[in-house]
Amino acid sequence: MFRGRAFGLLKSLHLMDGQPNLACKFIHPAITSHVHHCQKRNVDYTQSYKTGPSSAGGQTRNVPKIMAEQELPGVLILDIGGTHGVLENLVAFLKKHFRLITMKEFLENKKEMSKKIQSVFMFECRPTIDRELLESLPNLKVIANSGVGVDHLDLKMISNFGVKVTNTPHAVADSTADIGMALMLASARRLVEGCQISISRDTKYFAVDWLGVEVTRATLGIIGMGNIGYKVAQRAKAFEMKILYHNRNQRKKEEEQAVGAHYCEKIEDLLQQSDFVMLVVNLTPETCKLIGKRELGLMKPTATLINISRGAVIDQDALVEALQKKVIMAAALDVTYPEPLPRDHPLLKLDNIIITPHIGTATVQAIRMMAEEAITNMLAVLNGQPIPSEVFPR
Ligand SMILES: O=C(O)[C@H](O)CO
């Protein structure tokens, strides 16, 4: 079992002394649909920055045109923790146009700064956006979240303050789908146990006593066919898997055809037929504890449950019981509640589970794209332009 701390967090506040004056969009060319989305809105990508030296895998990235001839008095608060090396060049680029400060610095100079802040730029769940913070930022216009999940934000309360929220659904898709596949393969082929056997140099071990199952041609049930779910389906197709999916609101006919997926109107049908069930939904009041005792009981005893969405989508007590009693064969979770689990949590005592510390987007590429997508959204709001990815209160 693998446990650890979540990757470094980036959080920032963006302060503007005057009106925003960036002719902006900030985009990674690999986010194709996002780019198309922006191109339809006449975005001008005439600037670029280098993510690092080419010898170290650095690339040239197009960024939005910035009206450098205009005065740019903005202040951007940026706490990028462990991601500093990865975002170094992006930070240097931003520094040309904004003054950068940290959240700590903001809190220490709240009185002087609070009126200047127009945007909060956050990675993961930091900083905490509560009523007190919102009350201290009278000119706040946007909270640009790096990540697709916004369950840590009280959207209604934020909207009541007249503040917009944006997210990064495109930047996260590939890396999160990769983690879904990695968990599925690792669980099926018992990679973590295998690693432990190798490390302990267990001479009594024979592979035939210790078999996994194959992912190839197995049935995968994807719950939530959004950007990430679709990327999972594309990968599963390469493994010749039979792909079932269930969406609460919408059937996705185009995606279905592209990957040869079958739509299950009833989640029960998907649960009963799948060898692997992968959860890729947003956490909302409707999806909270979507998978409980009843749903686990519908799954095959040979099935594996994979969760790359949010921990609370599963009733964890029910999962513990199902794994203990072998109602299902195994689980592989990148998300739990809380994160990390307390040391004595029963999930951590099971041997038919893999748990990773919410690393779906913990890649160099994803972190950069998330920061870029968030900045694109942030600048769009500040400039009164169409917002590529706005999240609305429900
Ligand atoms: O919400 C997301 O996109 C991931 O959990 C990373 O923040």
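For ligands, and for the atoms within them, numbers begin at 1 and follow the listed sequence. Note: hydrogens, waters and symmetry copies are ignored here, and every other heavy atom, side chains too, is used. If you're wondering where the values come from, they're calculated on a predicted model, not measured in any experiment.
- Residue contact check: Thr361 has heavy atoms under 4.0 Å from atoms 6 (C) of ligand 1.
- Neither the backbone nor the side chain of His152 has a heavy atom within less than 4.0 Å of ligand 1.
- Counting the atoms of ligand 1 from 1 in the order shown, those under 4.0 Å from a heavy atom of Val172 are 3 (O).
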Would you be so kind as to tabulate the donor-acceptor pairs closer than 3.5 Å made by side chains of residues 230-238, with sequence neighbours excluded?
from   : atom 1 : to     : atom 2 : distance (Å)
Lys231 : NZ     : Asp174 : OD1    : 3.3
Arg235 : NE     : Asp178 : OD1    : 2.7
Arg235 : NH1    : Lys231 : O      : 3.0
Arg235 : NH2    : Asp174 : OD1    : 3.0
Arg235 : NH2    : Asp178 : OD1    : 3.1

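- Ion pairing between a basic and an acidic side chain is recognised when a charged N comes within 4.0 Å of a carboxylate O; Glu88 and Arg368 show no such pairing.
- Heavy-atom proximity to His358, at under 4.0 Å, picks out these atoms of ligand 1: 4 (C), 5 (O).
- Residue-to-ligand polar distances keep Met370 apart from ligand 1: every N/O pair is separated by 3.5 Å or more.
- A donor atom on one side chain and an acceptor atom on the other are not found under 3.5 Å apart for His246 and Asp269.
- The side chain to side chain contact (heavy atoms under 4.5 Å, CB included) test with Phe276 is passed by exactly one of Leu305, Leu185, Ile222, Thr304: Thr304.
- With hydrogens and angles disregarded, no donor-acceptor distance shorter than 3.5 Å links the side chain of Glu373 to the backbone of Met370.
- The contact set between ligand 1 and Gly149, taken as ligand atoms under 4.0 Å from a residue heavy atom, comprises 1 (O), 2 (C), 3 (O).
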